[in-house]
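Each remark here refers to the structure printed beneath this line.
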Amino acid sequence: MLSPPMQDALNRQIHVELASANEYLSLSAFFERINMKGCAHWMRIQHDEEVAHAMKIFDYIHDRDGDVTMQAIDAPETMWGSPQEAFAAALASERNNSKQIGKLVELATAESDHSTHAFMQWFVNEQVEEEATAKEIVDKLSFVGDDRTGQFMIDQELGQRTPPPEIDAEQG
Ligand code: FEO
């Protein structure tokens, strides 16, 4: 059974993941708007990943006999100054998400809630990967600057992204 503070914290994390999903979808729409289809595709897969993260927590709360309560999600930004700014916004959100996950792990430790502590380790590791990937793309976009050929090549590369197996399975 989850403690009330832990249940609240996990519900807040569902909200963080879904707000992140919403932002990624807005980023996908931005890249569609500026005709960078590869980046739009990458952002859309990331949206799907964030929804999957939220659903992992949704299921975990129920597995622990807890109660999920949904919250309103604020409208995300819709415009960014450049592709680099758009990916920098994604990186900032991932860093914020990592902090929230860190707080959840700290709460699990304080409460000696070993199940939640173990469950959250997947998220801790996932954040390392997500921050590293977003940072790498920001750096590449910074390197090419306004060069259209460079941006085109990055767009082509990001268009190759394939969904992870668990998302492929969900979408059948
Ligand atoms: Fe669910 Fe991008 O972290």
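Whatever order the structure lists them in is the order used to number ligands and atoms, beginning at 1. Just the heavy atoms: all of them, side chains too, but no hydrogens, waters or symmetry mates, feed the values below. Not measured: the values here are computed from a predicted model. In this chain, residues are counted from 1 in sequence order.
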Next on the checklist: Rounding to 10°, state the angle centred on atom 1 (Fe) of ligand 1 that links OE1 in E50 with OE1 in E17.
Outcome noted: 80°
Item to check | Donor-acceptor under 3.5 Å (R44 side chain, S28 main chain) | outcome: no
Item to check | With atom 2 (Fe) of ligand 1 as the apex, the OE1/OE1 angle for E130 and E94 - to 10° | outcome: 90°
Checklist entry - For atom 1 (Fe) of ligand 1, what is the closest N, O or S atom on H53? => result ND1
Next on the checklist: Ignoring hydrogens, what is the shortest heavy-atom contact between D67 and I61? Give both atom names and the distance.
Outcome noted: N-CG2, 3.5 Å
Next on the checklist: At a threshold of 2.8 Å, where the distance has to be below it, does atom 2 (Fe) of ligand 1 have an N, O or S atom of E49 nearby?
Outcome noted: no
Next on the checklist: Keeping E129 on the side-chain end and N125 on the backbone end, is there a donor-acceptor pair under 3.5 Å?
Outcome noted: no
Next on the checklist: Any non-hydrogen side-chain atom of F152 less than 4.5 Å from a side-chain atom of T149?
Outcome noted: no
